[in-house]
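None of the values given here were measured: they were computed from a predicted structure. By convention in this document, chain letters (A, B, ...) are assigned in the order of the sequence lines, proteins followed by strands, and residues within each chain are numbered from 1.
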Amino acid sequence: MNVKYDFKSLEPKWQKYWEEKGIYRVTERSDKREYYCLEMFPYPSGNLHMGHVRNYSIGDVVARFKTMEGYNVLHPMGWDSFGLPAENAAIQRGVHPSVWTKDNIANMKRQLKSMGISYDWEREATTCLPDYYKWTQWLFLQLYKNGLAYKKKAAVNWCPSCATVLANEQVVEGACERCGTTVDKKDLEQWFFKITDYAQRLLDDLEKLPGWPEKVKTMQKNWIGRSEGVEVQFKAAATGDPLPVFTTRHDTIFGVTYMVLAPEHPMVEKLTAGTPYEAEVKAFIRKVQQLSNVDRTSNELEKEGMFIGAYAVNPMTGEEVPIWITNYVIMDYGTGAVMGVPAHDSRDFDFAKKYGLPIKPVISPPGEKLSGETMSEAYVESGIMINSPGFDGMANEEAMTAIADYMEEKGLGKRVINYRLRDWLISRQRYWGAPIPIVYCDKCGIVPVPDDQLPVILPLDVEFKPNGESPLKTSPTFRETACPKCGERAERELDTMDTFVCSSWYFLRYCDPKNSEQAFAKEKADYWMNVDQYIGGVEHAILHLMYARFFVKVLHDLGLVSAEEPFENLLTQGMVLKDGSKMSKSKGNVVSPEDIINQYGADTARMFILFAAPPERDLEWNDAAVEGCYRFLNRVWRLVVSNLEIIKKGQETVDTGLFTKEEKDVRRAVHQGVKKVTEDISQRFNFNTAISAIMEMVNAMYDYREKTAGKVNPSVFREAAEKLLLLLAPFAPHITEELWHLMGKEGSIHQAAWPTYEAEALKQDLINIVVQVNGKVRDHLDVAPDLDGEGMKELVLASAKLPQWTGGKNIVKIITVPKKLVNIVIK
RNA sequence: GCGGGAGUGGCGGAAUUGGCAGACGCACCAGACUUAGGAUCUGGCGGGUAACCGUGGGGGUUCAAGUCCCUUCUCCCGCACCA
């Protein structure tokens with residue numbers, strides 16, 4: 001028999017078979033343990049790229065492996081299908097976003113299917129379809145009704161190119177995360193989700209996620225940015241107006257020599273109105289505000305400021321200090337006011353030096369004396385309190401508590417916790433998103449759309465013009481509506497939701513995707529959640545992963561789901577590189593998955609991408625190595641196909657009685673392989689070493705065939721071939737299915753049980769140990785596997801080779817490690 | 001500046017608990033089969049003639065170090081006036 005490995009015909013054949021038999025469809029069932037394997041759903045840009053191939057190949061191995069292990073595995077896929085690119089396509093090519101998106105989904109779905117991934121397509125979720133966004137809107141209303149969604153006017157990040165606002169998280173180094181355009185500030189009425197209410201829980205519960213990479217948890221911790229301090233009640237000297245400052249270094253309160261306000265601070269205007277400083281202060285504020293956000297937050301920026309002619313009273317000392325405004329204090333953190341302690345803060349030090357403000361040390365390094373005149377940098381370490389009446393001589397850490405206690409007692413300040421995390425701005429002035437289900441009525445004000453009027457359908461009769469205006473404003477049918485409360489003429493909210501809202505709950509919809517009565521049934525969500533394994537790019541470490549955590553906590557609090565965290569284990573995959581850098585059109589180094597699948601087949605593509613590097617690490621694309629994986633699959637093919645008759649002759653069970661040495665060797669390799677592959681997949685997700693173990697198995701089988709001149713033991717060979725195909729099945733699902741059936745097996749290999757190994761088959765008659773002299777390898781010995789240390793020592797001392805090893809020198813001692821080595825220490 | 005990760009053959013990578021460094025694959029070299037080979041098979045493949053030397057550099061602990069400790073360099077990623 002000499003059939004060629006024809007992936008071109010057999011891959012589609014089995015894909016069709018799987019689909020027809022529905023072998024990847026799952027339902028809740030009590031007789032099996034559940035496992036939820038999830039890969040981040042893609043934005044339907046039109047074509048799969050290698051990053052997707054990697055993501056979904058990893059997920060498919062996990063899903064198939066867990067299925068074979070006997071779990072009831074949920075493995076769904078869907079589309080994060082709202083977003084700006086669809087609108088840009090509409091402007092550039094005159095295609096409606098809905099058409100463009102639908103076509104892209106169709107194409108990418110076809111590509112995904114050609115990869116042979118084990119998705120339950122019956123559970124497909126598409127965020128831009130009304131049956132999905134109806135529930136996104138419903139969830140918005142749940143937040144609204146519980147005080148977690150609110151509207152406020154705020155200085156928000158505005159991307160002039162995308163013509164929309166952005167969440168803080170979407171601004172990277174002062175530029176739009178998507179298009180790189182410098183972001184402006186704009187005062188707008190916008191919708192926010194109160195994620196800050198959950199700041200502490202989002203922080204605390206990171207502890208409950210041991211299955212997440214430290215790196216991601218650290219990034220979230222930093223983003224939440226908890227800091228403990230004291231809000232100290234300074235007052236304006238002239239008017240008595242309160243000027244609270246937030247500080248984490250209240251131990252330095254006696255070292256305050258000035259106060260700084262953010263230029264936007266509301267007190268600035270009040271304190272300067274009608275004074276000789278007014279005009280100059282206004283000019284300064286204008287200058288600062290003209291700076292783009294990038295410049296304003298840049299480290300390079302020279303600290304600049306000016307005295308505003310007013311003074312503040314330090315509540316601890318009664319002392320009056322000058323009030324300045326500066327470009328290095330920002331309004332939206334703390335109170336927008338900072339106490340200046342140049343002796344112990346490097347920023348304040350620079351500022352004081354530049355403007356000749358006094359420097360007063362209040363913490364002294366042990367055994368040293370600081371003087372404001374001679375200091376060349378701020379002293380930020382710990383030390384002993386000085387110049388701080390009532391607290392002198394204390395360690396500054398001790399004074400932290402003492403001063404905070406004192407201030408609380410005297411009503412001069414109170415302990416507060418500040419977070420860097422801001423509320424999540426979810427309004428987008430764009431068309432292609434889920435409409436915010438709110439109506440504005442002149443009489444009734446802000447009115448939520450009642451549940452029975454959901455979904456608020458995104459209208460199709462809109463115009464796309466390259467002027468940045470939201471096309472939704474042009475819909476003749478959308479804007480005007482009747483107030484749900486009073487029935488009078490009212491207007492709909494024209495903003496749509498940030499797409500991150502849609503992706504914050506899609507994993508719940510997968511649990512119950514066709515439900516038309518609810519977003520999802522609680523029992524179903526509770527059956528599947530949490531996601532046991534979540535896989536995706538590290539670029540979502542903050543945005544998506546934090547929003548999804550927030551959503552699940554809110555839904556938990558509303559009693560809609562039991563889970564408190566969405567993702568039990570998180571795997572962040574590395575990037576796919578070509579010639580050392582990320583694949584991109586502009587660099588012209590893109591390798592198309594479709595081309596690779598056409599040339600080598602999906603199995604080869606999957607094998608390569610899993611073999612070339614461990615999943616978390618970046619992966620360098622290498623055409624020659626792809627060829628190598630293709631050769632390997634051909635080798636597997638020939639090994640099975642050319643021995644089909646023998647394999648079929650073999651018995652279901654092997655007679656473990658009397659094996660030849662060759663039979664023992666090949667069985668050991670096979671069972672060893674089962675052990676290694678099982679461990680590599682389940683304990684470490686090291687698919688690269690799992691595949692190399694399978695390669696070693698194949699090499700051992702070829703070796704066996706050669707050593708026996710083709711006269712192999714049919715039962716042994718059959719056992720080996722079966723285990724080989726079962727181990728390979730999660731990686732290369734098509735070729736293994738074909739060979740499985742050629743071997744005469746009934747049913748899909750993907751519904752077969754994961755292979756087991758026999759401890760007995762792993763045993764060796766003799767094992768090879770190393771003889772070292774002073775740690776250097778000198779010889780090898782074959783010994784019985786159960787030889788203990790004492791026995792090894794005797795063996796070495798009795799050996800005729802001993803003088804050769806030691807060169808006649810004195811033996812100081814002999815170290816033995818059973819099954820491993822003997823080390824003779826000589827002098 | 002702060003936080004995290006990584007440096008191993010020509011290349012991707014292995015070494016899981018301190019125990020033979022370089023598994024597996026790619027590339028390369030030689031041979032076999034062949035009209036032919038970009039197919040397949042066999043063998044070789046860190047450096048050095050060798051003793052030996054080799055996991056970014058230097059030091060240390062240990063019978064034994066890629067692995068532990070100290071120190072230093074380089075690269076990548078994230079955060080960055082957060083008071």
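Taking the C1' atom of each, B:C68 and B:G19 are spaced 14 Å apart, rounded to whole Å. Only the P atoms considered, B:A23 is 15 Å distant from B:C11, to the nearest whole Å. Rounded to the nearest Å, the gap between the C1' atom of B:G78 and that of B:G22 is 33 Å. B:G56 sits 42 Å from B:A39 when the C1' atoms are compared, rounded to a whole Å. B:G38 sits 16 Å from B:A32 when the P atoms are compared, rounded to a whole Å. Taking the P atoms as reference points, B:A6 lies 13 Å from B:A15, given to the whole Å. Between the C1' atoms of B:A65 and B:C69, the separation comes to 11 Å (whole Å). A distance of about 43 Å separates the C1' atoms of B:C52 and B:G37, rounded to the whole Å.
With B:A15, B:G19, B:A80 as the choices, the nucleotide that has an atom nearest any side-chain atom of A:Val817 turns out to be B:G19. Of all nucleotides listed (B:A27, B:G78, B:A83), B:G78 comes nearest to the side chain of A:Met219. Side-chain proximity of A:Asp680 to the nucleotides B:U16, B:C26, B:G19 is greatest for B:U16. Candidate nucleotides B:A80, B:G19, B:A83 were compared by shortest atom distance to the side chain of A:Thr247, and B:A83 ranks first. Taking only side-chain atoms of A:Ser692, from C-beta outward, the nucleotide of B:C24, B:A80, B:C20 with the closest atom is B:C24. Among B:G3, B:C24, B:A83, the nucleotide with an atom closest to any side-chain atom of A:Asn699 is B:C24.
In this structure, B:C33 makes no Watson-Crick or G-U wobble pair, since no nucleotide meets both defining distances under 3.5 angstrom. If you check B:A27 for Watson-Crick or wobble pairing at under 3.5 angstrom, you find it has no partner at all. Nucleotide B:A39: unpaired (no Watson-Crick or G-U wobble partner with both distances less than 3.5 Å). Within the shown strands, B:C63 is the pairing partner of B:G19 under the Watson-Crick or G-U definition, both distances less than 3.5 Å.
OP1 or OP2 of B:A83 has not a single side-chain nitrogen or oxygen of A:Asn418 nearer than 4.0 Å. Here A:Asn622 does not reach the OP1 or OP2 of B:G25: none of its side-chain N or O atoms lies under 4.0 Å away. For A:Thr335, no side-chain nitrogen or oxygen approaches OP1 or OP2 of B:A83 to under 4.0 Å. A:Lys215 has no side-chain polar atom (N or O) that falls below the 4.0 Å cut-off from OP1 or OP2 of B:G5. The phosphate of B:A15 (OP1 or OP2) has a side-chain N or O of A:Arg684 nearer than 4.0 angstrom. In this model, the phosphate group of B:C76 is not approached by any side-chain N or O of A:Arg617 to a distance below 4.0 Å at OP1 or OP2.
Under the 90° criterion around 0 for the glycosidic angle, B:G22 counts as anti.
Other residues, nucleotides and ligands place no more than 12 heavy atoms under 6.0 Å from the NZ atom of A:Lys707.
Under the 4.0 Å criterion applied to side-chain N and carboxylate O atoms, A:Asp665 and A:Arg668 are assigned as salt-bridge partners. Remark: A:Lys354 does not engage A:Glu304 in a salt bridge, criterion side-chain N to carboxylate O under 4.0 Å. With respect to the salt-bridge test (charged N to carboxylate O, under 4.0 angstrom), the residues A:Asp251 and A:Arg249 qualify.
Rounded to whole Å, atom C1' of B:G5 lies 15 Å from atom CG of A:Asn222. One interatomic measurement links the two molecules: CZ of A:Phe611 to P of B:A14, which rounds to 10 Å at whole-angstrom precision. The CD-P distance, from A:Glu214 to B:G5, rounds to 8 Å in whole Å. Per the geometry, CD1 belonging to A:Ile691 stands 13 Å off C1' belonging to B:G12, to the nearest Å. In this structure, CD of A:Glu228 is placed 12 Å from P of B:A83, rounded to the nearest angstrom. Between the CG atom of A:Asp345 and the C1' atom of B:A80 there is a distance of 15 Å, rounded to whole Å. Rounded to whole angstrom, the span from the NZ atom of A:Lys813 across to the P atom of B:G19 amounts to 17 Å. Atom CD in A:Glu679 sits about 21 Å away from atom P in B:A23, given to the nearest Å.
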Discussion item. One pair to check against ring pair (Phe, Tyr, Trp, His ring centres under 6.0 Å): A:Phe611 and A:Phe632. What are the steps and the verdict?
Written reply: CA-CA 12 Å; A:Phe611 179 58; A:Phe632 168 71; 8.3 Å; no
Worksheet item: What do the steps show when you test A:Val825 against A:Ile814 for side-chain contact (heavy atoms from CB on, under 4.5 Å), and what is the final call?
Response: CA-CA 6 Å; A:Val825 184; A:Ile814 295 177; over 6 Å; no
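Side-chain polar atoms of A:Asn418 and A:Ser227 form no donor-acceptor pair below 3.5 angstrom. Checked by atom type, the side-chain pair A:Trp212/A:Asn569 shows no donor-acceptor distance below 3.5 Å. If you check the side chains of A:Asp348 and A:Tyr328, you find a donor sitting under 3.5 Å from an acceptor. Residues A:Arg705 and A:Ser642 have side chains that bring a donor and an acceptor to within less than 3.5 angstrom of each other. A:Arg549 and A:Gln220 share a donor-acceptor pair across their side chains, judged by distance under 3.5 Å alone. For the residue pair A:Arg778 / A:Gln772, no side-chain donor-acceptor distance below 3.5 Å is found, with atom types taken as modelled.
A:Gly225 comes within contact range of no nucleotide atom at all, as no heavy-atom separation falls under 4.0 Å. At the heavy-atom level, A:Asp332 lies nowhere under 4.0 Å from the strands shown. Contacts of A:Glu696 with the nucleic acid, taken as non-hydrogen atoms under 4.0 Å apart, involve only primed sugar atoms and P, OP1 or OP2. Residue A:Pro614 is in sugar-phosphate contact alone, with no base atom involved, counting any heavy-atom pair closer than 4.0 Å across all strands shown. Counting any heavy atom pair closer than 4.0 Å across all strands shown, A:Val338 reaches a base atom.
In terms of polar N and O atoms assigned as donor or acceptor, the side chain of A:Lys303 comes within less than 3.5 Å of the base of B:C81 in a complementary pairing. For A:Asn823 against B:C63, a side-chain N or O and a base N or O form a donor-acceptor pair under 3.5 Å.
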Using the 3.5 Å cut-off, write out each protein N or O paired with an N or O of nucleotides 45-48 of chain B and the distance between them.
none

Polar-atom pairs under 3.5 Å, protein N or O versus N or O of nucleotides 50-52 of chain B: list them with distances, or write none.
| unit_1 | atom_1 | unit_2 | atom_2 | d |
| --- | --- | --- | --- | --- |
| B:C52 | OP1 | A:Arg778 | NH2 | 3.4 |

Check: protein-nucleotides 40-43 of chain B nitrogen or oxygen pairs below 3.5 Å:
| unit_1 | atom_1 | unit_2 | atom_2 | d |
| --- | --- | --- | --- | --- |
| B:U40 | O3' | A:Arg638 | NH2 | 3.2 |
| B:C41 | OP1 | A:Arg635 | NH1 | 2.7 |
| B:C41 | OP1 | A:Arg638 | NH2 | 3.4 |

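The aromatic rings of A:Tyr630 and A:Phe7 lie perpendicular to each other, with more than 60° between the two planes, well past the 30° mark. Note on ring orientation: taking the six-membered ring where Trp is involved, the planes of A:Tyr355 and A:Trp324 are tilted (angle from 30° to 60°).
Shortest non-hydrogen contact noted between A:Arg54 and A:Pro614 is NH2-O, 3.1 Å.
A donor-acceptor pair under 3.5 Å links the side-chain atoms of A:Arg422 to the main chain of A:Asp332, judged by distance alone.
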